[in-house]
*Asks:* 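A single structure is presented below for examination.
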Amino acid sequence: EAEHPELKTPASPSVRVGGQPLTAFKQVRHEIPMLSLDNVFSGEELQAFEQRMRDRLKREVSFTFCCEPKLDGLAVSLLYVDGQLVQAATRGDGTTGEEITENVRTIKAIPLSLRGEGWPARLEVRGEVVMYKKDFAALNEKQEALGLKTFANPRNAAAGTLRQLDISITASRPLRFLAYSLGEAQWQPAPACTLQSEAMARLREYGFLTPPDGKLCESVQAVEDYAQWVREHRPQFRMEIDGAVAKLDNLEAQQALGFTARAPRFAVAFKFPAEQAQTLLKDIEIQ
Ligand code: IVH
């Protein structure tokens, strides 16, 4: 690249590590708001969620749900124009987030150029930035050895790593990105996806990781069984999981249902209670 600057592209591996620290994050407005998810805690609440969708749609659609573990990290939006990563942003308040393009470029699991072919001219990919449990343990060990601040959990470590004005710090710590939905997508000339599960398969073709152990469930009971399965296998996941997410697979029905001010009407999070453990209080120091 030094000898042939004309060959250097924005997707060059050398661009993964930034130069000068930033002085502040720029604000980015999300074209489509990045909302939260409504939570359910029982099979009855799940049933009520399906009934609300049936009432609102007023027509028969197949209620197949695309289910995934709910990853405990940070929501990030990535914008690709003509297959090149041009912008990355945090969720922020859902309407306006912070631009973290240079930080995100250092995450090796994020393609700087989309793989394959047929991707939309503009494609917004949404997903979660996480730190794997083993990487978190290693990072804390390293921090401790250096006499630096340790992190309370992988989510905090991921957040602290991503929102770094000094990008070399982001680059030095292992973050992953797992894609779970599309925002904006201009499909021409490729045919648009009609199912959430199809969109996820395309994202994998373009070079993204998607949440592990996703499953299509054909009934509310199957969703509940899946959530139970995820809960039982929670310790075996490489990243922290705090529930299971069920999204209606039919994208047209998703669009018809739309959003409330807070969350989509076509998806819910089946939340698990926080993990509990016993500990021994050894001492209290009054200050
Ligand atoms: S789908 C329109 N799938 O949970 C919202 N979200 O509590 C679509 N999350 O903001 C979100 N794992 O950051 C979806 N497999 C998953 C997820 C997931 C984690 C996060 C996401 C969202 C938050 C809501």
Side-chain angles (χ1 to χ4, degrees), residues 30-41 45-46 49 53 65-78 88-98 100 104 107 109-110 124-133 153-156 158-159 162-163 175-185 193 195-201 203-204 208-217 223 226-227 229-231 233-234 237-251 253-274:
H30 300 298
E31 289 295 324
I32 304 175
M34 290 183 79
L35 299 175
S36 187
L37 283 171
D38 281 334
N39 295 329
V40 296
F41 296 91
E45 286 179 281
L46 206 52
F49 155 67
M53 290 196 292
F65 297 95
C66 189
C67 297
E68 287 157 3
K70 185 170 187 294
L71 315 169
D72 195 9
L74 294 116
V76 165
S77 150
L78 307 176
T90 61
R91 179 166 87 166
D93 65 4
T95 311
T96 310
E98 287 174 325
I100 47 161
V104 154
I107 303 178
I110 293 182
E124 187 194 348
V125 179
R126 292 180 173 182
E128 203 84 351
V129 167
V130 298
M131 191 178 282
Y132 284 175
K133 292 186 255 187
N153 54 49
R155 208 195 94 85
N156 284 1
L162 200 57
R163 285 189 76 265
L175 294 178
R176 322 267 168 165
F177 175 82
L178 297 106
Y180 55 60
S181 74
L182 296 182
E184 229 190 303
C193 301
L195 300 173
Q196 173 78 26
S197 49
E198 194 188 342
M200 298 307 285
L203 287 178
R204 285 189 286 272
F208 293 95
L209 294 174
T210 54
D213 297 301
K215 193 175 178 200
L216 278 181
C217 293
V223 173
Y226 173 79
W229 182 89
V230 173
R231 188 171 172 179
H233 291 81
R234 194 175 183 184
F237 281 94
R238 290 204 266 188
M239 68 292 289
E240 298 263 15
I241 302 294
D242 61 350
V245 180
K247 297 165 224 180
L248 203 57
D249 201 29
N250 183 326
L251 290 179
Q254 281 195 8
Q255 210 165 14
L257 286 163
F259 302 84
T260 66
R262 205 192 92 85
R265 292 197 184 89
F266 53 81
V268 278
F270 200 109
K271 287 288 284 268
F272 305 148

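Since this is a predicted model, take the numbers as computed values, not measurements. Just so you know, ligand 1 is whichever comes first in the structure, and atom 1 is the first atom listed for that ligand.
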*Asks:* Under 6.0 Å between ring centres, would you say that holds for Phe65 and Tyr226?
*Replies:*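 When the ring centroids of Phe65 and Tyr226 are compared, they turn out to be at least 6.0 Å apart.
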*Asks:* Can I get a per-line list of side-chain donor-acceptor pairs under 3.5 Å for residues 237-247, giving both atom names and the distance, sequence neighbours left out?
*Replies:*
| from | atom 1 | to | atom 2 | distance (Å) |
| --- | --- | --- | --- | --- |
| Lys247 | NZ | Glu68 | OE1 | 3.0 |
| Lys247 | NZ | Tyr180 | O | 3.0 |

*Asks:* Is there side-chain contact between Leu74 and Thr90, with heavy atoms separated by less than 4.5 Å?
*Replies:*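 No - every pair of side-chain heavy atoms lies 4.5 Å or more apart.
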*Asks:* Within 45° of the axis and under 6.0 Å from the centre of the six-membered ring of Tyr132, does NZ or CZ of Arg176 qualify?
*Replies:*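 Because its charged atom sits under 6.0 Å from the ring centre and within 45° of the axis, Arg176 does stack over Tyr132.
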*Asks:* May I have the step-by-step check of side chain to side chain contact (heavy atoms under 4.5 Å, CB included) for Cys67 and Leu216, ending in yes or no?
*Replies:* CA-CA 6 Å; Cys67 297; Leu216 278 181; over 6 Å; no
*Asks:* Quick one: ligand 1 N/O to protein N/O pairs below 3.5 Å?
*Replies:*
| from | atom 1 | to | atom 2 | distance (Å) |
| --- | --- | --- | --- | --- |
| ligand 1 | 3 (N) | Lys247 | NZ | 3.1 |
| ligand 1 | 4 (O) | Lys70 | NZ | 3.4 |
| ligand 1 | 7 (O) | Lys70 | NZ | 3.3 |
| ligand 1 | 10 (O) | Leu35 | O | 3.4 |
| ligand 1 | 10 (O) | Arg91 | NH1 | 2.9 |
| ligand 1 | 12 (N) | Leu71 | N | 3.0 |
| ligand 1 | 13 (O) | Glu128 | OE1 | 2.6 |
| ligand 1 | 13 (O) | Tyr180 | OH | 2.9 |
| ligand 1 | 15 (N) | Glu68 | OE1 | 2.7 |
| ligand 1 | 15 (N) | Pro69 | O | 3.2 |

*Asks:* Heavy atoms, side chains only, cut-off 4.5 Å: are Ile110 and Leu78 in contact?
*Replies:*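 The answer is yes, as the side chains (C-beta and beyond) meet within the 4.5 Å cut-off.
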